[in-house]
**Student:** 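Below are the structure tokens for one structure; questions will follow.
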Amino acid sequence: MAKSEGTDNTERKTTAKKAGKKRTLEELFTELEGITTELEAQELPLEEAFAKYRIGMELLKECNAAVDTVEKELQILEEA
């Protein structure tokens, strides 16, 4: 079965994450939005849909961690 362009893009970004490249919050949101769109728009095989869902959850965790970091930095600035 051929992979869609979105799948290849997601795999590239996931590989970049594993290589240690830190993505911006905007990049994370864009990738998460792409996965959400794919899951909503396509009838994917169950295994592929689950893999995309898992990647989406990992991205969500990264987003939450990035937001937490920014919130902590803001608290430090406000206390100074």
Side-chain angles (χ1 to χ4, degrees):
M1 174 170 37
K3 292 182 181 179
S4 69
E5 185 177 322
T7 302
D8 291 340
N9 194 27
T10 299
E11 289 174 357
R12 257 185 265 121
K13 289 180 181 177
T14 302
T15 302
K17 175 189 169 196
K18 290 178 182 175
K21 294 181 182 178
K22 187 158 183 143
R23 295 175 284 181
T24 66
L25 196 52
E26 289 80 10
E27 290 170 331
L28 292 169
F29 281 143
T30 299
E31 188 174 349
L32 187 57
E33 182 179 13
I35 289 173
T36 302
T37 300
E38 285 183 60
L39 288 170
E40 290 175 344
Q42 300 179 21
E43 290 203 17
L44 301 171
L46 184 58
E47 289 180 7
E48 188 176 344
F50 180 71
K52 288 185 181 298
Y53 176 81
R54 189 182 74 240
I55 291 169
M57 293 305 294
E58 290 173 8
L59 288 169
L60 187 57
K61 288 179 186 177
E62 282 186 68
C63 289
N64 286 333
V67 169
D68 287 346
T69 300
V70 171
E71 286 177 345
K72 287 176 186 174
E73 290 174 1
L74 286 173
Q75 286 176 348
I76 290 169
L77 290 173
E78 288 176 353
E79 291 173 1

**Student:** Can you check whether T30 reaches R23 side chain to side chain, under 4.5 Å on heavy atoms?
**Tutor:**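 No, their side chains stay 4.5 Å or more apart.
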
**Student:** Applying side-chain contact (heavy atoms from CB on, under 4.5 Å), name anything that partners V67, two or more places apart in sequence or on another chain.
**Tutor:**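 Expected list: L25, E71.
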
**Student:** To the nearest 0.5 Å, what is the distance between CD on E31 and OG1 on T36?
**Tutor:**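 The distance works out to 10.5 Å.
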
**Student:** What distance do C63 atom SG and E58 atom CD have between them, rounded to the nearest 0.5 Å?
**Tutor:**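 One gets 12.0 Å once the value is rounded to the nearest 0.5 Å.
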
**Student:** Going from CD on E27 to NZ on K22, what distance comes out if it is rounded to the nearest 0.5 angstrom?
**Tutor:**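 If we round to the nearest 0.5 Å, E27:CD and K22:NZ are 11.5 Å apart.
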
**Student:** Going by side-chain contact (heavy atoms from CB on, under 4.5 Å), name the residues that satisfy it together with L44, two or more places apart in sequence or in a different chain.
**Tutor:**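 Residues passing side-chain contact (heavy atoms from CB on, under 4.5 Å) with L44: L39, Q42, E48, A49, K52.
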
**Student:** Starting at CD1 of I55, measure out to CG of L60 and round the result to the nearest 0.5 Å.
**Tutor:**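 So the gap between those two atoms works out to 13.5 Å.
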
**Student:** At their closest point, which heavy atom of G56 faces which heavy atom of I35, and how far apart are they?
**Tutor:**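 For G56 and I35, the tightest heavy-atom pair comes out as N-CD1, 4.0 Å.
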
